[in-house]
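Structure record follows, encoded as structure tokens.
Letters go in sequence order (proteins before strands), and every chain restarts at 1.
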Amino acid sequence: MIEFRHAIIEALADELAADPSVFLLGEDVAAAGGVFKTTEGLLERFGPDRVIDTPISELAMTGAAFGSALMGRRPVLEIMFGDFMALSMDSLINQSAKWRFLSNDQVTVPLTVRTAVGAGGRFGAIHSQNPGTWLHNVAGISIVAPSTPGDAYGLLRSAVQADHPVLFLEHKRLFSMKGELDRGLVELGTAAVVREGADLTMVSMMKGVHDALQAADVLAAEGTDVEVIDLRSLRPLDLETVVRSVEKTGRIVCVEEGPVTGGWAAGLVGQLAAQALDLLEDATIVSAPDLPVPFSPTLEDAWLPGVERIVAHVRARLAGV
Amino acid sequence: MIEFRHAIIEALADELAADPSVFLLGEDVAAAGGVFKTTEGLLERFGPDRVIDTPISELAMTGAAFGSALMGRRPVLEIMFGDFMALSMDSLINQSAKWRFLSNDQVTVPLTVRTAVGAGGRFGAIHSQNPGTWLHNVAGISIVAPSTPGDAYGLLRSAVQADHPVLFLEHKRLFSMKGELDRGLVELGTAAVVREGADLTMVSMMKGVHDALQAADVLAAEGTDVEVIDLRSLRPLDLETVVRSVEKTGRIVCVEEGPVTGGWAAGLVGQLAAQALDLLEDATIVSAPDLPVPFSPTLEDAWLPGVERIVAHVRARLAGV
Amino acid sequence: MLLRAHADMYAIRRFEEHIMRLFLRGEIAGTTHLCNGQEAVCVGLGYALDEDDVVAGTYRGHGHILARGSEELRLAAELLGRVDGLCGGRAGSLNVFDPTRNYIGSFAIIGGSIGAATGAALALKGTGRVAVADFGDGTTNQGYFFECLNFAKVYDLPLVFSLENNGYMEYTPIGNVTARPDDLAGRAEAFGIETERVDGMDVRAVYEASLRAVERARAGEGPQFLEYRTYRFVGHSRSDPGDYRPEGELERWQERDPLTLSRRALTDELGTPDEDIAAREQEVDERLERAIDAALASPFPTPEELEVLS
Amino acid sequence: MLLRAHADMYAIRRFEEHIMRLFLRGEIAGTTHLCNGQEAVCVGLGYALDEDDVVAGTYRGHGHILARGSEELRLAAELLGRVDGLCGGRAGSLNVFDPTRNYIGSFAIIGGSIGAATGAALALKGTGRVAVADFGDGTTNQGYFFECLNFAKVYDLPLVFSLENNGYMEYTPIGNVTARPDDLAGRAEAFGIETERVDGMDVRAVYEASLRAVERARAGEGPQFLEYRTYRFVGHSRSDPGDYRPEGELERWQERDPLTLSRRALTDELGTPDEDIAAREQEVDERLERAIDAALASPFPTPEELEVLS
Ligand SMILES: Cc1ncc(C[n+]2csc(CCOP(=O)(O)OP(=O)(O)O)c2C)c(N)n1
Ligand SMILES: Cc1ncc(C[n+]2csc(CCOP(=O)(O)OP(=O)(O)O)c2C)c(N)n1
Ligand SMILES: [Mg+2]
Ligand SMILES: [Mg+2]
């Protein structure tokens, strides 16, 4: 068993060791080992040319990571909190995501951007967001978001090895979570059925997957057999896995840690409806209210979808309320 | 009849005249009258304190617009091309959208951001994007996008008068379009049925609305009676108007100028399914391929959903293909 | 005035010590950034401002908020996430602010305070009011900073750039990632902005330099830039033990603790009796005790609030 | 070498005149930004670089691309949106680039070229290769610019900042929105970066200064900054008549047209016979004629390409 944050360190270490073109950059990632301790020990092992502390310059860092990728390097950029991604988006959207296409496939941009996301840690409105949806409509990048240490390892290695830009989201409430590490790679763009069930398909990501699994346990005791899918990838969406599940269950509930409008859940249901409307008996979304993430524990807990709300939602839905 | 760009000038002029706290800022908006000529004559009428040419400093401009709004001014910020919004997003997401909530409703942020968006003008991948979806998941802002001069006027005035941040999207291929101007205000967050029909609901925005109307004409000649909805607002979504239409037609086709994954169309269909699945006999999306906007005219035309593709899609769909 | 300044700095120090205790007791969740060591900047700058001048600060904002005159009870209640908080518990330490005192934000995005203060100054131009952008040394590598230097100078805004140079970002010494770290003010000079370097541990020096800058800005002489040399005696945030500091550095700076300096000046220069100082400090202690207790007695907001809003 | 430089500048001028004609004929759609007047920078800087040095430029990039040695036919074909274009027609004038010549991008986002070149320089550090960031005066107010000045200096990157100061943003004179517009290089000096101001109309001056800077960067002396004073003789982009210019300004600068200066130097200083110059120019004219014709003969990409890709 290994902590999620250590799985990240392991993946980075294995990539740094395997490929001399890989390097890390970010604020406080080298000497300090990262504010979430996800790069600890890497400076010592790989030296200051491979693990670089940067100034607080998100534009320069993201632009430079892109430029180095054009030269054949494989930068892994850490943006400390996902909320700061707003300062990185120009280079991601207007450069990294576009250059291969614009070059007529002459160049690739093997860039990985890692960032810590999500609410529930009492960090308030500007340190708790889920920026995956900000980039969800941008062609040319992948967005992945693991929920377990094993997936974190496998997806991060795949991200670093990919020849296109990948945004890699790390949920803050998972860093201390423990799980198995088999050092297997996980293909980008694939969802995983993490619990089989016949009555209803529940889709979530990151911390939400664990809530979904807990909710499934509660519901199982009440006789509802929930299949839980860890979407793992926002872009591309693995509709196939979802469709296969819904073929069996006919019902889908998505659990999203964020507002419904413009979120991934509504988009997933929409694409599902456009592709397989006939399969659907019911489709719903458990999401956060359309508000920023509040600081106060009582408010933040109310903001979050959580096991209780998920369970209550499913019960009501099945009861036809 | 008045050009779309003149409707914008009129709305700005009327707001500047009506409220001394309103002012405009942006690159080349004052002396030059804007690169799309949407602020022409306003410097002359309202002077350099109300119409301000800025340096090429999107971070500073957006941050300063926010700060001035906190002091009770009503800034109208022009970001020349929507693609450059990526440089403005930090202040919009992490400040403007959040401050009212964070302040416990003690302050408001009456900020309007105008920007020229959309493809079809042969401007290529970095001057043709639709950034509305980048902010679609951000609570605390409105996003509106008119398709006619009358709506441009009415929505822009409502945006400037609103006490919260509004992103106002102007499609480049509409600037020269002519239409009526009755100087009526249009409520933010409302969709409009722009053509009534019984067989199928077609939803689009901006330039897409005109394509949809043309497609509806073609289809009408073949006996298909299409209702066209101009969504006009990405945030909040006016689901009610859409539901009312689908109650009648049972079928929805969304036409989006952009990739389907992470787009507004999939989100709309998803929310519709979550709210009114029973109504839906069919739901589909005509969108762009999952690629940046290409420059070459042949490629750009193929990238765009357009009248022909819309018509072909509906025909195939109705034929059950 | 020095006795008052001493008491005000003392109050900030003690207030944050309470906060740290509440943190360790689990009463406060999340994170918090203390300005322990930097109180002279908060108070000296605060004294140089009028009530209707405007300040935009950072996540390290408690001291500045108190210097604006906000209620200790309400600040503490905010950090505790309670309804009586300055922001009803919605903002917390990272984001708390008090618009009623013209403290318009604790910006958790590096550089955000500068953009906002620039805009405030744009709105205040010609009114005789001044805006202050408070930020740290790490922020001088951020795009907002430079763009706003130019922006403020171009429009000759009544803006005071207030750089609290404590030598560190979170855990990285500023010199490691900064060109010419010993001349951060030189970056403002490149824009033709007047600058002054100030001993940030000496509340009188801070006050006098701040007053000069504020008055110049008020008089329409355009943006001003102050670099306060200071130090934080504690870690960057709650979880940081501050291991990255070279040996002896903290101790050297602690000799110049703003409270030590003000106490010494009171005694040695002004002949203030120790009892007077002690009496003022005790007053503060008791006041804070009451404020913290009252804050702890304030209820948490009810979740229904969110339902109403959305 | 001057004769060759003259011919190369002449080729850029004529190439863009062809492009303008194609625009007016409707063969090219969208927009385009000409470097008419700024050719000495393209050629003089180009000569100072080795083949495996790297250049990141802007939407005003045709001249630099040609200076890198890219084929005129393929550049023209790109602007026409044809399959033989450098980017298969996907990029167009605003975004065209040629990685085979180490010209890594025409960045349509102000400041983008600087970020990319900074990263290229990070990758090239220690290899003896150099990266160049080309950009305009308006770009010196942009966050990317400042952050990268610091970034490049901190890591001592082999990067040459190449500022083409033509005095204007799109339609706004740079002085209207810029603090200390006469000392843009001073902004780099604030970071301890070595700078040089260069007559950007004199191709020999450009070459010599560029060579000095490139060699310093190559030798590991860290980032260098060049400010070329230049002027564009045409509007910002296709649709701009350039009305915002004060009377007589264009004419004054035209007296220092880089082509006039090089022709004069060839004749007066080197005694090059007029016929030799004319012969070279005619050679260029004929070559370009052929290139443009060939580009026009190249087919448009078929829409199927998009279906395959997505
Ligand atoms: C845009 C952005 N990047 C990174 C951070 C994370 N961060 C928070 S505080 C900090 C250090 C700031 O240093 P400085 O400006 O010197 O202020 P100090 O903390 O010393 O007061 C960093 C990097 C942030 N909040 N915002
Ligand atoms: C981030 C961004 N903001 C605005 C623009 C629009 N724009 C294109 S060119 C230009 C002027 C640039 O001026 P300068 O840097 O001097 O370069 P020049 O055009 O003179 O070569 C502007 C504002 C842009 N492309 N990118
Ligand atoms: Mg600091
Ligand atoms: Mg220029």
Side-chain angles (χ1 to χ4, degrees), chain A residues 58-59 83-87 89-95 97-98 101-102 124-126 129-140 234-237 254 258-275 277 280-285 288-292 294-295, chain B residues 58-59 83-87 89-95 97-98 101-102 124-126 129-140 234-237 254 258-275 277 280-285 288-292 294-295:
Chain A
E58 279 80 6
L59 292 171
D83 313 71
F84 314 158
M85 286 293 305
L87 287 164
M89 283 181 62
D90 174 61
S91 187
L92 278 179
I93 291 178
N94 288 320
Q95 300 172 15
K98 307 255 189 299
F101 177 79
L102 283 179
I126 325 281
Q129 292 167 90
N130 279 304
T133 54
W134 305 347
L135 289 147
H136 199 193
N137 196 220
V138 178
L234 271 179
R235 172 164 263 282
L237 281 173
C254 293
V260 67
T261 296
W264 61 260
L268 178 71
V269 173
Q271 288 198 51
L272 189 64
Q275 185 165 315
L277 185 62
L280 287 176
E281 282 161 58
D282 195 28
T284 54
I285 297 164
D290 203 33
L291 294 169
F295 162 72
Chain B
E58 279 80 6
L59 292 170
D83 313 71
F84 314 159
M85 286 294 303
L87 286 163
M89 282 181 63
D90 174 62
S91 186
L92 279 178
I93 291 177
N94 288 319
Q95 301 172 13
K98 308 257 188 298
F101 177 79
L102 283 179
I126 325 281
Q129 292 167 92
N130 279 304
T133 53
W134 305 346
L135 290 146
H136 199 195
N137 196 220
V138 178
L234 271 178
R235 172 163 263 283
L237 280 173
C254 293
V260 67
T261 297
W264 60 260
L268 179 70
V269 172
Q271 289 199 53
L272 189 65
Q275 185 164 318
L277 186 63
L280 287 177
E281 283 162 57
D282 194 29
T284 53
I285 297 164
D290 202 33
L291 294 170
F295 162 72

Side chain, backbone, both or neither: which part of B:Leu135 has a heavy atom under 4.5 Å from chain A? neither
Select one option (side chain, backbone, both, neither) describing which atoms of B:Pro294 are under 4.5 Å from chain A's heavy atoms.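 Both parts, backbone and side chain.
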Out of [options], which one racks up the most heavy-atom pairs below 4.5 Å with chain A?
options	result
B:Leu268, B:Thr133, B:Val138, B:Thr284	B:Thr133
B:Cys254, B:Ala265, B:Gly263, B:Gly270	B:Gly270
B:Asp83, B:Asp282, B:Ile93	B:Ile93

Walk me through whether A:Ile126 and B:Leu102 qualify under side-chain contact (heavy atoms from CB on, under 4.5 Å). CA-CA 10 Å; A:Ile126 325 281; B:Leu102 283 179; 4.2 Å; yes
I'd like to verify something: which residue of A:Met89, A:Gln275, A:Lys98 has the highest number of heavy-atom pairs under 4.5 Å with chain B?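 Option with the greatest count: A:Lys98.
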Evaluate the side-chain contact (heavy atoms from CB on, under 4.5 Å) criterion for residues A:Asp290 and B:Arg235: first the C-alpha distance (whole Å), next the side-chain angles of each, then the deciding distance (0.1 Å), finally the verdict. CA-CA 11 Å; A:Asp290 203 33; B:Arg235 172 163 263 283; 3.0 Å; yes
Under 4.5 Å heavy-atom distance to chain B, tell me which part of [X] shows up: side chain, backbone, both or neither.
X	result
A:Trp134	both
A:Leu59	side chain
A:Gln129	side chain

Search all heavy atoms of A:Leu277 against all heavy atoms of B:Leu280 and return the closest pair with its distance.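 Nearest heavy atoms, A:Leu277 then B:Leu280: CD2-O, 3.6 Å.
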What pair of heavy atoms forms the shortest contact from B:Ala139 to A:Pro292, and how long is it?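 So the two residues come closest at CB-N, 4.1 Å.
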B:Thr261 backbone acceptor or donor facing A:Asn137 side chain under 3.5 Å: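 Such a contact is found between A:Asn137 side chain and B:Thr261 backbone.
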Sub-4.5 Å side-chain heavy-atom contact between B:Val269 and A:Gln271: no
